[in-house]
Protein chains: 2
Amino acid sequence: MVQKSPETKRRGRPRSYEPDIALARAMETFWKSGYAATTLDDLSAATGMNRPSLYAAFGDKQDIYVKAYRKYRARVRDEFEPIIEESGPVRLVLRRIFEAASELYLSGPDGPRGCFSVVTAASEAVADPQIRKLVVEAIAALDETFAALFTKAIARGELAPDSNPLALAKVATATIHTLAIRARIHAPRDELQALIDAAVSMLCGPADPPARRHR
Amino acid sequence: MVQKSPETKRRGRPRSYEPDIALARAMETFWKSGYAATTLDDLSAATGMNRPSLYAAFGDKQDIYVKAYRKYRARVRDEFEPIIEESGPVRLVLRRIFEAASELYLSGPDGPRGCFSVVTAASEAVADPQIRKLVVEAIAALDETFAALFTKAIARGELAPDSNPLALAKVATATIHTLAIRARIHAPRDELQALIDAAVSMLCGPADPPARRHR
DNA sequence: GGTATTTTATGCGAGACAGTATAAAAAACA
DNA sequence: TGTTTTTTATACTGTCTCGCATAAAATACC
């Protein structure tokens, strides 16, 4: 990890690709098409690397998939952590999380793709225990993140003191899951927005000032 | 459809398979492995039919998939209609629906498979408009079913008169979705049960008589 | 400039895959 | 018994797919 200083002159022919960018492209490809439907030629075309380079850099197809999926999770973490850390009423933080998720799931060069974890990897998870383990971790982490959020909100008096943060968290995760699925089948943005409104008011109670939208 | 009376003696060599059973086996296979990861040899082994018979009976791989998925939806309809038609408090009907879904998603000869619609078909939906259309229909139907259920419950005074049946329905569908995904990654039954409890009390309010379980 | 080292480029080979051709089998009909 | 009809059984074809072998290219070191 630390071994490669940016100044180090490597000995042989220089790489014609940026490993990080190439892996991001591979991620896009798997995200869209899933494991089985993605061929090494697809990956080659997406990354601009030829097959031997792919192998040298990332290993076989399975290895590339796992690395791509890990990258997806890292990207999601980086994207959502600031929103979660932000202080503010749960209602608002929740809405921001759901809306960011919605945007992520609707994004994509060839149309909406949903969530790599929820739609694609979960599907492969039956066949491959390694992938299953990663998806289980991802979903557990999401549950825990939401639970912590609700616990803090209860402590701050934003929610009824007898609320169950774990129960709330599971419904919040369920919202993420349904957003992922609906985005994957090209649900229009306003359908997802209606869903977010429904979930937020179910989780935090109906908004007294009539649904103030941020932005 | 009506042409084949059960007494009709057909002319040539008799079939060695039952089309309905064979299609059910094909459904199981696609349900478990998805479209791309399922080979015609897999289907051949599962159904007991050889490749030419598969083609004669159902068409090419794509055709078999669509027919298998339609069969899945028909099966789900048949299984859930009686539960939905049943009279009783929404709270109880909802619980029964979620528990039946949970059982269905956890079932399978080789371990839990989740929901064909939600996990497998939704994943393929990006590549194939025909499949996407079917999944969209399936999810819309689910939303509408739940909405009707809540509308009736509001009319009967079981829920607050200012409840929004469509919003409630979307959260109920979200519960189905998260159950499907969690089952697919082998979540233990009691985790799913906890999720059902959380969702039901979120949708219908906390149970005053401490959570009476049916059966 | 020559050598060692690392990467790219091309393409090969074994196997998997989807779909089909051909022939054998099993029934009704005459 | 022989013919027709429908299905099964076997095997083939062309294509795709994965992974790797081999050679050329591009750099640092000497």
Side-chain angles (χ1 to χ4, degrees), chain A residues 3-23 25-27 29-30 32-69 120 124 127-128 130-131, chain B residues 3-23 25-27 29-30 32-69 120 124 127-128 130-131:
Chain A
Q3 70 195 27
K4 118 181 116 164
S5 98
E7 309 298 331
T8 305
K9 287 286 187 183
R10 303 183 48 108
R11 194 107 149 60
R13 175 170 178 173
R15 282 183 180 144
S16 66
Y17 61 91
E18 204 75 38
D20 236 46
I21 296 175
L23 190 56
R25 297 277 158 71
M27 178 190 78
T29 309
F30 277 128
K32 183 190 166 205
S33 306
Y35 180 81
T38 298
T39 71
L40 283 184
D41 284 337
D42 293 336
L43 293 174
S44 198
T47 59
M49 302 163 67
N50 40 39
R51 222 102 42 86
S53 296
L54 274 173
Y55 276 85
F58 307 119
D60 68 6
K61 190 181 175 184
Q62 178 85 9
D63 294 329
I64 305 174
Y65 186 83
V66 170
K67 292 196 170 93
Y69 178 48
T120 306
E124 316 289 349
D128 186 329
Q130 187 187 7
I131 296 172
Chain B
Q3 72 196 23
K4 117 181 119 171
S5 98
E7 310 299 331
T8 306
K9 284 288 185 182
R10 302 184 48 109
R11 197 113 149 60
R13 178 170 173 170
R15 282 182 179 147
S16 66
Y17 63 89
E18 204 75 38
D20 236 45
I21 295 175
L23 190 56
R25 297 277 158 72
M27 176 189 78
T29 308
F30 278 128
K32 183 189 166 205
S33 306
Y35 180 81
T38 298
T39 69
L40 284 184
D41 283 337
D42 292 337
L43 293 174
S44 197
T47 58
M49 300 163 67
N50 40 39
R51 222 107 39 88
S53 296
L54 274 173
Y55 275 85
F58 307 119
D60 69 6
K61 191 181 174 183
Q62 178 87 7
D63 294 330
I64 305 175
Y65 186 84
V66 170
K67 291 197 170 92
Y69 179 49
T120 305
E124 317 290 350
D128 186 331
Q130 186 186 8
I131 295 172

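In this text the structure is predicted, and so the values were computed from the model without any measurement. To find a chain, count down the sequence lines: A is the first, B the second, and so on, and within it residues start at 1.
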Per atom distances to the A:Leu40 side chain, the nearest of D:dT8, C:dG19, D:dC18 is D:dC18

Taking atom C1' of D:dC18 as reference, at what distance in whole Å does atom CG of A:Asp41 sit? 9 Å

Given atom CD of B:Gln62 and atom P of C:dC17, what is their separation to the nearest angstrom? 18 Å

Regarding the side chain of A:Tyr55, the nearest nucleotide among C:dA18, C:dT10, D:dC20 is D:dC20

Can you tell me how far C1' of D:dT17 sits from OH of A:Tyr35, to the nearest Å? 11 Å

Keeping the roles fixed (side chain from B:Lys32, backbone from B:Thr38), state whether a donor-acceptor pair exists under 3.5 Å. no

Starting at atom CG of B:Leu54, determine the distance to atom C1' of D:dT7, rounded to an integer number of angstrom. 13 Å

Mind calculating the distance between CG (B:Asn50) and C1' (C:dA21) to the nearest angstrom? 14 Å

Along nucleotides 21-30 of chain D, 5' to 3', which nucleotides get a B, which get an S, and which get a -, given that the test is a protein heavy-atom distance under 4.0 Å? B---BBBBS-

DNA chain D nearest-nucleotide lookup for A:Thr38 and B:Ser16: closer to the 5′ end is B:Ser16

Students often get this wrong, so: under 4.0 angstrom with heavy atoms, is B:Ser44 touching a base, only sugar-phosphate, or nothing? nothing

Polar side chain donor-acceptor pair, A:Thr39 to A:Asp42, under 3.5 angstrom: yes

Are the side chains of A:Thr120 and A:Tyr65 in contact, using a 4.5 Å heavy-atom criterion? yes

Heavy atoms of B:Arg51 and B:Ser44 approach each other most closely as N-OG, 4.0 Å

Please answer whether the main-chain N or O of A:Phe58 pairs with a side-chain N or O of A:Lys67 as donor and acceptor at a distance below 3.5 Å. yes

Length of the line joining A:Tyr17:OH and C:dT6:C1', which is rounded to integer Å: 10 Å

So, does B:Glu124 use its side chain to make a donor-acceptor pair with the main chain of B:Tyr35 at under 3.5 Å? yes

Respond yes when some side-chain nitrogen or oxygen of B:Ser53 is under 4.0 Å from OP1 or OP2 of D:dT7, and no when none is. no

A:Arg51 has an atom CZ; how far is it from atom C1' of C:dT10, in whole Å? 11 Å

Taking every non-hydrogen atom, the tightest pair across B:Asp60 and B:Tyr55: CA-CE2, 3.6 Å

Rounded to whole angstroms, how far apart are NZ on A:Lys61 and P on D:dC20? 15 Å

